[in-house]
Structures are given as C-alpha cells and as structure tokens.
Amino acid sequence: QVQLVESGGGLVQAGGSLRLSCAASGRTFSGYVMGWFRQGPGKEREFVSSMSWPGRTIYYSDSVKGRFTISRDNAKNTVYLQMNGLQPEDTAVYYCAADMPQGRPTTAKYWGQGTQVTVSS
C-alpha cells in the first residue's frame, strides 16, 4: 500500500521559512515525477512544484518561483519543499503527490494527506 506522509507545516510570520518533507512508502518512485500542490482557503488546488528523477527536471508555478526550492532524496524515497520568503497568500494545505506527468500537471496518481501552512502578516 502506497503512502505519502507530509511533515513540516506550521505557523510562520511573513518573510519566514518552512521546509516540508514527504516520505513515501510502499513502493519506490525513482523514475517517476514527485511534487507538491496546495489548496488555499476558498481556492482550488493548484500546482506548486515538481521534480523528475533521474533527469531532475524541475518546474515551479510562477507564484513560488524564486522563493521555493524542491529537492529529492531517492535513497530515502523523500521529496522536500524549502519555502523562503513566505507571504500570507502562501497560506494553504500543501499536498505531496507522486506519479504524475512531467511539467505542471493538475493531478497525480498518489497523494499525501496534506500539511497546513499558515503565514501571518
């Protein structure tokens, strides 16, 4: 049974940083795209970032490019999202996802349960 478990969310002031982690179990995702989505209050879920492996092709949404950094540790079957310069509009539930098309997809085959990120002004 595949599981994606996120951690690292929380409350931070504007301008602060958080690092999200997503540990996958049940199968390896080496050779597959992993990434992050988010859903803010009253908003639809949106793509944040993705990273392929082994090519390490990376995509970001325009809203986070330059502030967020995605990375992967395939030995640990884990994907990370380093979020710097957080702003109140980044407040959302962040979802880890795996096995998706390369690029800026709208869906994925596997999803985590989500972790809340709240940015205060």
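Here salt bridge (Lys or Arg N to Asp or Glu O under 4.0 Å) pairs that include residues 64-79, with residues two or more places apart or in two chains, are R67-D90. Annotation: disulfide bond (SG atoms under 2.5 Å apart) contacts involving residues 91-121, sequence neighbours excluded, comprise C22-C96.
Contact check for F29 versus V2: side-chain heavy atoms found under the 4.5 Å cut-off. Side-chain contact between I70 and V79 is present, with at least one heavy-atom pair separated by less than 4.5 Å. By the 4.5 Å heavy-atom criterion applied to side chains, W36 and F47 are not counted as neighbours. At least one side-chain heavy atom of Q113 sits under 4.5 Å from a side-chain heavy atom of E6. Two residues are said to be in side-chain contact when any heavy atoms from C-beta on lie closer than 4.5 Å; S63 and R38 meet this criterion.
One finds the NZ atom of K109 at 12.0 Å from the OG1 atom of T107 (value rounded to the nearest 0.5 Å). Interatomic distance, D99 CG to Y110 OH, rounded to the nearest 0.5 Å: 6.0 Å. Interatomic distance, S50 OG to M100 CE, rounded to the nearest 0.5 Å: 6.0 Å.
One hydrophobic cluster, built from ILVMFWY side chains closer than 4.5 Å, holds both L20 and V64. In the hydrophobic clustering of this structure, F68 does not group with F37; members are Ile, Leu, Val, Met, Phe, Trp, Tyr whose side-chain heavy atoms approach within less than 4.5 Å, directly or through other members. At a threshold of 4.5 Å between side-chain heavy atoms, the hydrophobic network of Ile, Leu, Val, Met, Phe, Trp and Tyr places W53 and I58 in one connected group. By the rule that hydrophobic residues join a cluster once side-chain heavy atoms approach within less than 4.5 Å of another member, V117 and L81 end up as members of one cluster.
Remark: T69 engages Y60, Q82 in a side chain to side chain contact (heavy atoms under 4.5 Å, CB included) (not counting sequence neighbours).
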Report the C-alpha separation of M51 and M34 in whole Å, then their side-chain angles, then the decisive distance to 0.1 Å, and conclude whether the side-chain contact (heavy atoms from CB on, under 4.5 Å) test is met.
CA-CA 6 Å; M51 183 175 183; M34 296 185 74; over 6 Å; no

side-chain contact (heavy atoms from CB on, under 4.5 Å), that's the test. Do Y94 and L18 meet it? Break it down for me.
CA-CA 12 Å; Y94 283 72; L18 285 173; over 6 Å; no

One pair to check against side-chain hydrogen bond (donor to acceptor under 3.5 Å, both in side chains): T28 and S30. What are the steps and the verdict?
CA-CA 6 Å; T28 178; S30 176; 4.9 Å; no

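Donor-acceptor pairing under 3.5 Å is recorded for the side chains of T118 and Q116.
The backbone N or O of Y59 lies less than 3.5 Å from a partner atom in the side chain of S49, making a donor-acceptor pair. Not one N or O on the side chain of N77 forms a donor-acceptor pair closer than 3.5 Å with the backbone of A23.
Ring pair Y95/W111 is perpendicular by interplanar angle, where above 60° counts as perpendicular and below 30° as parallel.
Taking each heavy atom of A108 and A98 in turn, the nearest pair found is CB-O, 3.8 Å. The shortest non-hydrogen separation linking G85 to S17 is N-OG, 4.3 Å. Across S21 and Y80, no two heavy atoms sit closer than the pair OG-CD2, 3.3 Å. Among all heavy-atom pairs drawn from Q102 and S52, the shortest one is OE1-CB, 3.6 Å.
Atom OH of Y32 has 12 or fewer neighbouring heavy atoms from other residues, nucleotides or ligands inside a 6.0 Å radius.
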